[in-house]
S.K.: 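Quick one: this structure, given as structure tokens, is what I'll be asking you about.
Proteins get letters first, then strands, A, B, ... in listed order; numbering begins at 1 in each.
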2 protein chains.
Amino acid sequence: MLDSPFARKLKAFVTLSDSDLNVVSTLDKRKRHFAPGRDMFHAGQTDASAFILATGWACGYILLTDGTRQITAIKVPGDFLGLRSILFRTSDHNVEPITPVEASEVRINDLFGAFAGTPRLAIAFLWAASRDEAILVEHLVGLGRRSAAQRVGHFLLELAARLKLVGLGDKTGYDCPMSQYLLADTLGLSAVHVNRVLRELREAGYATFQLGRVTFQDLPGLFAFCDFNANYLDHDGPLLK
Amino acid sequence: MLDSPFARKLKAFVTLSDSDLNVVSTLDKRKRHFAPGRDMFHAGQTDASAFILATGWACGYILLTDGTRQITAIKVPGDFLGLRSILFRTSDHNVEPITPVEASEVRINDLFGAFAGTPRLAIAFLWAASRDEAILVEHLVGLGRRSAAQRVGHFLLELAARLKLVGLGDKTGYDCPMSQYLLADTLGLSAVHVNRVLRELREAGYATFQLGRVTFQDLPGLFAFCDFNANYLDHDGPLLK
DNA sequence: CGTAGCTTTGATGTAGGTCAAGAAATGTGG
DNA sequence: CCACATTTCTTGACCTACATCAAAGCTACG
């Protein structure tokens, strides 16, 4: 509704009027539920929908012919998911729930209906898509040029910032339902190495990831260690008043 | 104009009317020229413009504090560049020309002016942005899960497909102004290793990259070797008639 | 025609992968 | 609330793909 994580996120970028917010809540109509273990949509599908994630986590991924996979995006509440799937003839990726998921189904016409009347919302939406792209770019940089330890730390910090924007977690840490296997497929590492790196971060006194919870012991230290700069998340408060 | 590489590309997705195309050519007004060696815009800049590349190649990149860099996108004629720079408060990346570049400057208001009157164009534009994201995703997958040789081969094949869409290159190959250093920063490798991999691809009879030209000797073989599937470029002819 | 930037190659080092196996945690049915 | 199965985590030993360092041969162009 008016205070969905998605609306909350958009408001970080543009100030939205009540009528704008009403249009947002229109998009939030067709609620769907998904359980882990079954894809929300898959690569090759031609009639895929997009979704706005309300609760739970999901991940987008691509499977290679040699059986390995690369997770291309981790989605948390408030995130939009599957834009490419509705714009392309066939989806180029898969999305699966990490936890039980509650999400609103969005079809292409919903989207353009919403844009037609409320240009301000179109701006906000394009911003959200660009922010997702910025996150993708930062992952790319990590895979290309950061060490495994920096990559893991950077990712944990990014999640903290993204969750905070939608009101989840706090300064001390956050609940994270990802297994080390998921972390590995996200960060282009082996699960074994993720485990070693996590121990390294723990022993260095930076952060702990255990029993489904990320806890920060030394945030400034971790920031410095990972060369983390949150600018790419563009969270500095409403730009368009 | 009516047959700019950008218009040509959009037409691969939607059938555009003459009046749609006129609006596109409106965006193509403010022609600018850039020479290699100086950024078109840089990270941290607050008043950056976006551009539609008419001729020449450019690259977007991010600099890390340890002095390494990661190229996040290679832009060829017809590509749009700098969307995040105009939507974000400050640009999160740099763009520099690889060759002399001719490009049309686009400001945020041009964009929304164009969208307001011609929704079909907005769809086409959103498609172009999503296609750029798909390219990004595929690079991410390469960095995370493909071997250096597959990564290089995949990249050469992708460029061939992208150039073909805007009428550059042919079945035998294409002109490529990238140095092995640029290739290395794009693919997350060292320049030395890029050189070795290029030799490997040459000796395997797949492709040659020498003197600024990529030449394919065994396209089917290279497709198979790299696990290349062009679906993510979404080139199957106009979807929206 | 000189010099700066590319390309090529060899020798050596290392981050992170793979394999293997045991210990914790978590889930399931009774 | 327990017994058992399954998944996840953890650690050690070993290996390989790619990095780094170094140096020589090209190319181009001012």
S.K.: Would you sort out whether B/Y232 and A/H93 count as a ring-ring contact (aromatic ring centres under 6.0 Å, His included), showing the intermediate values?
M.R.: CA-CA 9 Å; B/Y232 72 99; A/H93 65 296; over 10 Å; no
S.K.: In whole angstrom, give the distance that lies between atom CG of B/N195 and atom P of C/dG5.
M.R.: 19 Å
S.K.: Does any donor atom in the side chain of B/Q217 or B/T208 lie under 3.5 Å from an acceptor atom in the other side chain?
M.R.: yes
S.K.: For B/R196, is there an ion pair with B/E203 - N to carboxylate O distance below 4.0 angstrom?
M.R.: no
S.K.: For a 4.0 angstrom threshold against heavy atoms of chain B, report the outermost contacting nucleotides of DNA chain D in 5' to 3' order.
M.R.: D/dC18 to D/dC21
S.K.: How long is the straight-line distance from CZ of B/R145 back to CG of A/L64, given to the nearest 0.5 Å?
M.R.: 8.5 Å
S.K.: Could I get the full list of salt bridge (charged side-chain N to carboxylate O under 4.0 Å, His left out) partners for B/D92, not counting sequence neighbours?
M.R.: B/R84
S.K.: Could you pull out all donor-acceptor pairs under 3.5 Å where a side-chain atom in residues 72-79 of chain B meets a protein atom, sequence neighbours excluded?
M.R.:
from	atom 1	to	atom 2	distance (Å)
B/T72	OG1	B/G60	O	3.3
B/K75	NZ	B/F80	O	3.3
B/D79	OD1	B/K9	NZ	3.1
B/D79	OD2	B/V76	N	2.9
B/D79	OD2	B/R162	NH2	2.8

S.K.: Is there a side-chain contact between B/Q210 and the phosphate of C/dT8, meaning an N or O under 4.0 Å from OP1 or OP2?
M.R.: yes
S.K.: Output the distance between atom OG (A/S104) and atom CD1 (A/I52), rounded to the nearest 0.5 Å.
M.R.: 5.5 Å
S.K.: Does any residue of residues 172-180 of chain A have a heavy atom under 4.0 Å from DNA chain C, and if so, which ones, in number order?
M.R.: none
S.K.: So, taking the atom named CD in A/Q210 and the one named CZ in A/R199, what distance separates them when rounded to the nearest 0.5 Å?
M.R.: 12.0 Å
S.K.: Mind listing the closest non-hydrogen atom pair of A/I98 and A/P36 along with its distance?
M.R.: O-CG, 3.8 Å
S.K.: About how many Å separate OH of A/Y181 and CZ of A/R69, when rounded to the nearest 0.5 Å?
M.R.: 12.5 Å
S.K.: For the atom pair CZ (B/R151) and CG (B/L189), what is the distance rounded to the nearest 0.5 Å?
M.R.: 4.5 Å
S.K.: Check the orientation of A/Y174 and A/F216. Use parallel for under 30°, tilted for 30 to 60°, and perpendicular for over 60°.
M.R.: tilted
S.K.: 5'-most contact on DNA chain C: B/R199 or A/L211, nearest heavy atom basis?
M.R.: B/R199
S.K.: State, to the nearest 10°, the angle formed by the axis through the first five base pairs of the helix from C/dC1-D/dG30 to C/dG30-D/dC1 and the axis through its last five.
M.R.: 60°
S.K.: Could you encode protein contacts along nucleotides 12-19 of chain C as a string, one character per nucleotide from 5' to 3', using B for base contact, S for sugar-phosphate-only contact and - for no contact, with a heavy-atom cut-off of under 4.0 Å?
M.R.: ----BBBB
